Peer 1: 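Can you keep this structure in mind? I'll have questions shortly.
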There are 2 protein chains.
Amino acid sequence: MKTTIYDVAKQAGVSIATVSKVISGKGKISKKRREQILKIMEELNYQPSMIASALVGKKTYTIGLLIPDISNPFFAEIARAIEDQAHQSGYSIIICSTDNKDERVERYISLLEQKSVDGIIIGTGVENIEILRRLETRSIPFVMISRESTALAVDTVVSDDYIGGILAAQHLAELGHRRFAILSENLKVSSSRERIRGFKQGLSDMNIPFDDKNIVICDYRVEEGRRCAYELLQYTEKPTAIFCCNDLLAIGAIQAAKQLGIKVPDALSIVGFDDTILASVTDPPLTTIAQPIDRMGKQAFNLLIDNLMNSESVKQRIVLRPELIIRQSTQHAKR
Amino acid sequence: MKTTIYDVAKQAGVSIATVSKVISGKGKISKKRREQILKIMEELNYQPSMIASALVGKKTYTIGLLIPDISNPFFAEIARAIEDQAHQSGYSIIICSTDNKDERVERYISLLEQKSVDGIIIGTGVENIEILRRLETRSIPFVMISRESTALAVDTVVSDDYIGGILAAQHLAELGHRRFAILSENLKVSSSRERIRGFKQGLSDMNIPFDDKNIVICDYRVEEGRRCAYELLQYTEKPTAIFCCNDLLAIGAIQAAKQLGIKVPDALSIVGFDDTILASVTDPPLTTIAQPIDRMGKQAFNLLIDNLMNSESVKQRIVLRPELIIRQSTQHAKR
DNA sequence: TTGAAAGCGCTAACAA
DNA sequence: TTGTTAGCGCTTTCAA
């Protein structure tokens, strides 16, 4: 059997209360006792059961991470950043890939609740706000990362999508482009909306017209991006530049262009968003708007911990500035 | 407070045992009672506490996944495959990125033990076998994926690295290459050793000589691959083809070649291993040995579950055949 | 400085 | 078919 607190208490000839005290470091224990008990715990290879400890009202030191898909490099990088920060404080992360499906979100949340996680970091779209409200009702602390919900008072860390959009527009406009298209994932995702809003604002700041019919919506997978871009690029009024709301879509766009024999960046400039590892290895390497993924992850975890400690803290929304990374998928517009 | 089994029992005017029975579906309960109780659980939004249930000897429905780095697309894809399979059976996955450091492995394992996970899937290198033996001692079920240890009787799923190596060698040799180099991560990783062994075997099958001094060892990151390949490519006896033990290193090699003005595949062919999403987006797209990642993940989870159910099962080693995916980073050797 | 005992929410005999 | 009760391993008063 697994060794329990009773085993070490018996070995040491003390009560379990005493052992418990040396484990937690609380309460006064004579130095001699403490060392003796520590030694015995060592010998018996004693590992206190978090399960039991959690049952008596302590924390589980486990948090849930809801994201669309862990195999999407952007979220994998987010996960790593969070994991590292969490690990330092002894927390573990349960990954939950939702595919952006509300039903999966609900299923996972209920699972996490049953497992009494200390909190949840949400980085996935949730259409039905009620799902999140339920978290509030049950007072399960949660924060949002890379997604947000204005309807909720919740700690949030995002990158400034609006500015990101502007950055992309400026870059492209400065290169002389005038005919644009936008490839975006589901508009229900507020960050996509903001990126588009920023992009359009950037254009309008420079008095460049843009027609919303040049916005194409698709799923967030490479394959989807390729398919949508493929259609897009068959218009008679072909764009000379495409702004893609994430790197995956941008890669799809590059592939579509290749398929159609359209040279990137010679005949078509493409800008992505995120700057995951993918952006640096595409053909051509992708000009993209870089999110400070590492910082975002760490801040999100810290916000969550603040919440656990002090549930009455004033909610904050941390907005990190993205940055334009120029690689080789953009170039001067031909005339 | 959170609603407990007592709350629903009181509401229903029955004992907690009865409620417990309808939750687990065991025991005979009259249909009427059952429905009444179900309704009340619904109303009260009752979620049974897995913590409490785990404490009385049931499972936690949580498993640990040890991998080098979740932000490495190969492992992220493995994780997703496992997660999907696990989720179907109500299991959650705790991710543990070890960076291949034994100390991190130990730390994580002890954390997982404290959390009473039902089992562990190990996909990371572990130098000190004792660490794994300790898992056996404590009868924590575990299986290995994409790594193995001949010293241990443990269920394992790997792709056939040896065959993968042969496939790469054959492909390159058929293209007329004769001067090779190998870029590998740490040789302590058995899969790298096997890939190299297969590659050398493939060459020797075709009577092509290969000198071990052309094997370069480096860390598993792109940057490391770039650095090592950079040095490698400065030999007077430059290779015309490089076999890289994973896609990340292959990407590094491509970058190094670019830096040195060596055209891929014109002047240098490169073969990777894994076939993650990265391989399809590099410049040029990477010829690589594809591992059946999805199948591997699912099989690994299934093996683990078998272990939980029936700890006396005969250990098995499942070897999945990899496949050569020809893209554009390889071509006929110039003469 | 130490220990006895209650109780966290649940399961599983065993009784009724 | 339903209920009583004894734990699971731990933390935490409260007493000693």
Side-chain angles (χ1 to χ4, degrees), chain A residues 1-38 40-41 44-62 90 110-111 113-118 138-139, chain B residues 1-38 40-41 44-62 90 110-111 113-118 138-139:
Chain A
M1 268 334 315
K2 203 167 168 297
T3 64
T4 73
I5 199 172
Y6 285 98
D7 299 322
V8 354
K10 190 182 295 175
Q11 267 293 320
V14 299
S15 75
I16 59 166
T18 307
V19 178
S20 175
K21 276 167 198 150
V22 349
I23 294 172
S24 66
K26 292 178 195 164
K28 306 258 154 274
I29 304 287
S30 71
K31 185 162 184 190
K32 194 170 143 215
R33 270 251 182 292
R34 144 168 288 109
E35 278 165 3
Q36 174 210 9
I37 291 176
L38 251 16
I40 292 178
M41 296 198 323
L44 266 41
N45 256 315
Y46 170 66
Q47 302 273 17
S49 157
M50 279 206 178
I51 297 286
S53 148
L55 189 57
V56 285
K58 311 297 287 188
K59 295 191 290 188
T60 53
Y61 286 95
T62 305
S110 124
L111 226 50
E113 187 179 358
Q114 288 177 210
K115 294 191 174 160
S116 309
V117 294
D118 296 332
R138 316 209 167 176
S139 53
Chain B
M1 264 337 314
K2 205 168 165 297
T3 65
T4 74
I5 199 172
Y6 286 97
D7 300 322
V8 353
K10 189 182 296 173
Q11 268 291 321
V14 300
S15 76
I16 58 166
T18 307
V19 178
S20 176
K21 276 168 199 151
V22 348
I23 293 172
S24 64
K26 293 178 195 164
K28 308 255 153 281
I29 304 287
S30 69
K31 186 160 181 190
K32 193 171 145 211
R33 270 254 184 291
R34 144 166 291 110
E35 276 165 5
Q36 173 208 12
I37 292 177
L38 249 16
I40 292 180
M41 296 197 323
L44 264 44
N45 255 315
Y46 169 68
Q47 302 275 14
S49 158
M50 280 207 178
I51 297 287
S53 149
L55 188 58
V56 286
K58 311 299 285 186
K59 295 191 290 187
T60 53
Y61 287 93
T62 305
S110 125
L111 226 51
E113 189 179 355
Q114 289 176 212
K115 293 188 176 165
S116 309
V117 293
D118 296 331
R138 315 207 168 182
S139 52

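Chain letters run A, B, ... following the sequence lines, proteins first, then strands; residues in each count from 1. Quantities reported herein were computed from a predicted structural model and do not represent experimental measurements.
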Peer 1: Measure from CZ on A:Arg33 to C1' on C:dT2 and round the result to the nearest Å.
Peer 2: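 Distance, rounded to whole Å: 8 Å.
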
Peer 1: Are B:Met50 and B:Thr60 close enough that some pair of their side-chain heavy atoms sits under 4.5 Å apart?
Peer 2: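 Result no, sub-4.5 Å side-chain heavy-atom pair not found.
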
Peer 1: Are the side chains of B:Asp7 and B:Gln11 in touch, meaning some heavy atoms are under 4.5 Å apart?
Peer 2: no

Peer 1: Under a criterion of less than 4.0 angstrom to any heavy atom of chain A, what are the 5'-terminal and 3'-terminal contacting nucleotides of DNA chain D?
Peer 2: D:dG9 to D:dT12

Peer 1: Side chains of B:Ile40 and B:Tyr46: closer than 4.5 Å at any heavy-atom pair?
Peer 2: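 Side-chain contact under 4.5 Å: no.
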
Peer 1: Any side-chain heavy atom of A:Val22 sitting closer than 4.5 Å to one from A:Leu38?
Peer 2: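 SC-SC contact between A:Val22 and A:Leu38 confirmed.
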
Peer 1: Would a distance-only check, ignoring hydrogens and angles, find a side-chain to backbone donor-acceptor pair under 3.5 Å from B:Asp118 to B:Tyr61?
Peer 2: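 Between the backbone of B:Tyr61 and the side chain of B:Asp118 there is a qualifying donor-acceptor contact (under 3.5 Å).
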
Peer 1: Got a donor-acceptor contact below 3.5 angstrom from the A:Ser24 side chain to the A:Ser20 backbone?
Peer 2: yes

Peer 1: Under 4.5 Å between any side-chain heavy atoms of A:Arg138 and B:Asn45, yes or no?
Peer 2: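 The answer is yes; the side chains approach within 4.5 Å.
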
Peer 1: Could you run down nucleotides 6-16 of chain C 5' to 3' and tag each one B, S or - for protein heavy-atom contact under 4.0 Å?
Peer 2: -BBBBBB----

Peer 1: Would the distance check show the side chain of B:Lys2 and the main-chain N or O of B:Gln47 forming a donor-acceptor pair, the cut-off being under 3.5 Å?
Peer 2: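 Judged by distance alone, yes, a pair lies under 3.5 Å.
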
